[in-house]
Amino acid sequence: MRYMQRTRIVIVGGVAGGMSAATRLRRLDETAEIVVLERSGHVSFANCGLPYRVGGVIEQRNSLLLQTPAALNARFGLDVRVRHEAIAVDAAARRVRVRDLAAGEEYDLGYDRLILSPGAVPVRPGLPGIERALTLRNIEDTDALVAAVAGARTGVVIGGGFIGLEVAENLARRGLAVGIVEATDQVLAPIDPELAALVHRRLRDRGVELHLGQQVVEIGADDVVLADGSRLPAQVVVAAIGVRPDTALAAAAGLAIGELGGIRVDERLRTSDPHIFAIGDAVEKTDAFTAQAALVPLAQTANLQGRRVADVAMGRPGGDRPVLGTAIVEVFGLQVAVTGWNEKRLRAAGRAHRVIHSHPMDHAGYYPGATQLAMKLLVDPVTDAILGAQAVGGSGADKRIDVIATAMAAGLRASGLAGLELAYAPPFGSAKDPVNMLGWIAANLRDGLTETIQWHELAAAQAAGATVVDVRTAAEHQAAAIPGAVPVPLDELRARLDELPAGDLIVYCAVGLRGYLATRVLEQHRAGHAWGRIRNLDGGMRTWQAGVGR
């Protein structure tokens, strides 16, 4: 009897990408030999849950361990080898050199197809004392950080990105006095400064010290030294500066590395070698707007690529898709969600864009527990395409950004958000959902029914002679107002039109709605007045206050 040789597929790296590929491969082919090499001691764990284990939110360590090699073998027939590191690839011979870290031995493993999913490695600058800084990428890192936190009273997190903020919150949850050192002037680079200001406020309200625009130059025995010479007490130091693609194995094998430093793959996740594929944080993705290379180290993206690469490896149709960079983080109960490009990036690229701010309630205001969202939509002023969105609030930011990300993937225009049929009941939303409201604003701007001005443009407009009109109530104006504003409440506006001087007018209210109504009144009473441009301050005083830091 003649036996067919089994196809052997070797996967380097487990967790989101590698294990998604392995299990999908098995579902597609019962005959293939599937070997997974994982250099750490755990091949399938909840890496996004690691900070919450440090803070004690996830009480049991085992809760993070999703699958064991034995369980994966029993259910999927996978040959999972933990503490086995792929140290070299001979692409011509189709062999992987493997080091058994437990036994201290090496061996060669042949393959028909190789899938690289090595992930990313933390950025560790060459600072004096950097060896004392901990990172958080796997279970072993988590164990080390949990041990370090025990009995500690002070901690410093270097880096104000998603992981940095999660770690800072969980150190604070363990009772440490925490400081965050961030080299730029804001935390969370994917959001714009007026929304980042809300995150800064929440962090400071919870006792976290922010050192923005600062750099650590030395890590001492129990403190860190900043560039300005100040010292921060730090019994625990966590480096959360960022990650870079782990390309050492791929580069040594002669595979093409992209300009951004990730493994270069085509639309079917193939490397420059036709028998080798690569996925996850180690590879360069394709930006949804520019079709250029992008680095997006997100677990969901790695998971999706794992499934897709399995299909491709098995000869099925399909391939990768461009990325929007949709992400979310919670900071002391404050949800921060983002998708697509932010305004900073659009401005840096010189790309025309329209900005919309809104501050709706997350659900019906009359139903108990409603909280206010801060939302931002970025739109192409010519095509009405959605370029990006951000949302910050106590609740509801997640589903609004998910809806907008879905709309972007489907090619829906900004004004088309107004027509979406979304689930509504008072505990969950409003009859006019915040997403619908963004669509109506976008349509009004597209159709020329109103014109807006941004918070960062206001000072220049005032200096050029524009009159700022506060259409809030007299009590609101007396409590706080934009300097130089003329108070004319909306409900008195029609009777007091003659009080408004000639020239450009900028109206504002608390969040933008009354300002919009005022612009419609003024535009329709132009006859007999020498007014110039009439603009509404987008997002109202709430956005302006956040942007200018008041």
Gap between atom [atom2] of [Y] and atom [atom1] of [X] - 0.5 Å precision:
{"X": "Asp470", "Y": "Met541", "atom1": "CG", "atom2": "CE", "answer": "7.5 Å"}
{"X": "Gln372", "Y": "Ser395", "atom1": "CD", "atom2": "OG", "answer": "13.5 Å"}
{"X": "Arg494", "Y": "Gln524", "atom1": "CZ", "atom2": "CD", "answer": "9.0 Å"}
{"X": "Leu64", "Y": "Phe45", "atom1": "CG", "atom2": "CZ", "answer": "9.0 Å"}
{"X": "Gln454", "Y": "Leu537", "atom1": "CD", "atom2": "CG", "answer": "8.0 Å"}
{"X": "Ile534", "Y": "Ile453", "atom1": "CD1", "atom2": "CD1", "answer": "13.5 Å"}

I'd like to check [X] versus [Y] (side-chain heavy atoms, cut-off strictly below 4.5 Å). Are they in contact?
{"X": "Leu203", "Y": "Leu165", "result": "yes"}
{"X": "Tyr508", "Y": "Trp544", "result": "no"}
{"X": "Thr184", "Y": "Leu212", "result": "no"}
{"X": "Met437", "Y": "Pro360", "result": "yes"}
{"X": "Val224", "Y": "Arg231", "result": "no"}
{"X": "Glu492", "Y": "Val471", "result": "no"}
{"X": "Met375", "Y": "His359", "result": "no"}
{"X": "Leu438", "Y": "Ile404", "result": "yes"}

For [X] and [Y], indicate whether the former's side chain and the latter's backbone hold a donor-acceptor pair under 3.5 Å.
{"X": "Gln235", "Y": "Thr154", "result": "yes"}
{"X": "Gln462", "Y": "Gly484", "result": "no"}
{"X": "Glu194", "Y": "Gly547", "result": "no"}
{"X": "Lys285", "Y": "Val283", "result": "yes"}
{"X": "Arg526", "Y": "Gly532", "result": "yes"}
{"X": "Gln335", "Y": "Ala397", "result": "yes"}
{"X": "Thr301", "Y": "Pro297", "result": "no"}
{"X": "Arg400", "Y": "Ala337", "result": "no"}

Walk me through it: do Lys376 and Glu343 pass the test salt bridge (charged side-chain N to carboxylate O under 4.0 Å, His left out)?
CA-CA 9 Å; Lys376 182 172 185 177; Glu343 185 178 3; 2.7 Å; yes

Go through the steps to decide whether Thr290 and Trp341 satisfy the test side-chain contact (heavy atoms from CB on, under 4.5 Å), and finish with yes or no.
CA-CA 11 Å; Thr290 65; Trp341 284 31; 3.4 Å; yes

Between [Y] and [X], is there a side-chain donor-acceptor contact under 3.5 Å, judged purely by atom types and distance?
{"X": "His357", "Y": "Thr452", "result": "no"}
{"X": "Asp228", "Y": "Gln214", "result": "yes"}
{"X": "Glu476", "Y": "Thr473", "result": "yes"}
{"X": "Asn536", "Y": "Glu451", "result": "no"}
{"X": "Asn170", "Y": "Tyr52", "result": "no"}
{"X": "Asn303", "Y": "Ser20", "result": "yes"}
{"X": "Arg345", "Y": "Asn342", "result": "no"}
{"X": "Lys344", "Y": "Gln186", "result": "yes"}

Salt bridge or not between [X] and [Y]? Use side-chain N to carboxylate O under 4.0 Å.
{"X": "Arg53", "Y": "Glu59", "value": "no"}
{"X": "Asp281", "Y": "Arg137", "value": "yes"}
{"X": "Asp504", "Y": "Arg533", "value": "no"}
{"X": "Glu209", "Y": "Arg204", "value": "no"}
{"X": "Asp380", "Y": "Arg354", "value": "no"}
{"X": "Glu523", "Y": "Arg520", "value": "no"}

With side chain to side chain donor-acceptor pair (under 3.5 Å) as the test, would you mind laying out the steps for Ser230 and His211 before giving the verdict?
CA-CA 11 Å; Ser230 59; His211 303 270; 5.7 Å; no

Do you know the tightest heavy-atom contact between [X] and [Y]?
{"X": "Leu198", "Y": "Ala374", "result": "CD1-CB, 3.5 Å"}
{"X": "Pro501", "Y": "Leu505", "result": "O-CD2, 3.9 Å"}
{"X": "Val54", "Y": "Leu145", "result": "CG2-CD2, 3.7 Å"}
{"X": "Val236", "Y": "Ala148", "result": "CG2-O, 3.5 Å"}
{"X": "Met361", "Y": "Pro434", "result": "O-CG, 3.7 Å"}
{"X": "Ala364", "Y": "Ala370", "result": "O-CB, 3.8 Å"}

Look at the aromatic rings of His363 and Tyr367 and report parallel, tilted or perpendicular, splitting at 30° and 60°.
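His363 and Tyr367: perpendicular rings.
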
What do you reckon, is [atom1] of [X] surrounded by more than 12 foreign heavy atoms closer than 6.0 Å?
{"X": "Phe332", "atom1": "CZ", "result": "yes"}
{"X": "Glu218", "atom1": "CD", "result": "yes"}
{"X": "Arg321", "atom1": "CZ", "result": "yes"}

Could you check Thr339, Val338, Asp287, Val296 and say which one makes a side-chain contact (heavy atoms from CB on, under 4.5 Å) with Leu324?
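Among Thr339, Val338, Asp287, Val296, the one that satisfies the side-chain contact (heavy atoms from CB on, under 4.5 Å) with Leu324 is Thr339.
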
If you look only at distance, which donor and acceptor atoms sit under 3.5 Å apart when one is on a side chain in residues 413-424 and the other is two or more places apart or in another chain?
unit_1: Ser415; atom_1: OG; unit_2: Asp384; atom_2: OD2; d: 2.6
unit_1: Ser415; atom_1: OG; unit_2: Arg446; atom_2: NH1; d: 2.8
unit_1: Tyr424; atom_1: OH; unit_2: Tyr366; atom_2: OH; d: 3.3

When you look at Gln305 and Asp320, which way does the side-chain contact (heavy atoms from CB on, under 4.5 Å) test go after all the steps?
CA-CA 7 Å; Gln305 285 189 329; Asp320 203 19; 2.9 Å; yes

Pair Thr135-Val238, side-chain contact (heavy atoms from CB on, under 4.5 Å): steps then yes or no:
CA-CA 6 Å; Thr135 56; Val238 180; over 6 Å; no

Could you go step by step and tell me if Ile328 and Ile401 meet the side-chain contact (heavy atoms from CB on, under 4.5 Å) rule?
CA-CA 9 Å; Ile328 189 169; Ile401 289 298; over 6 Å; no

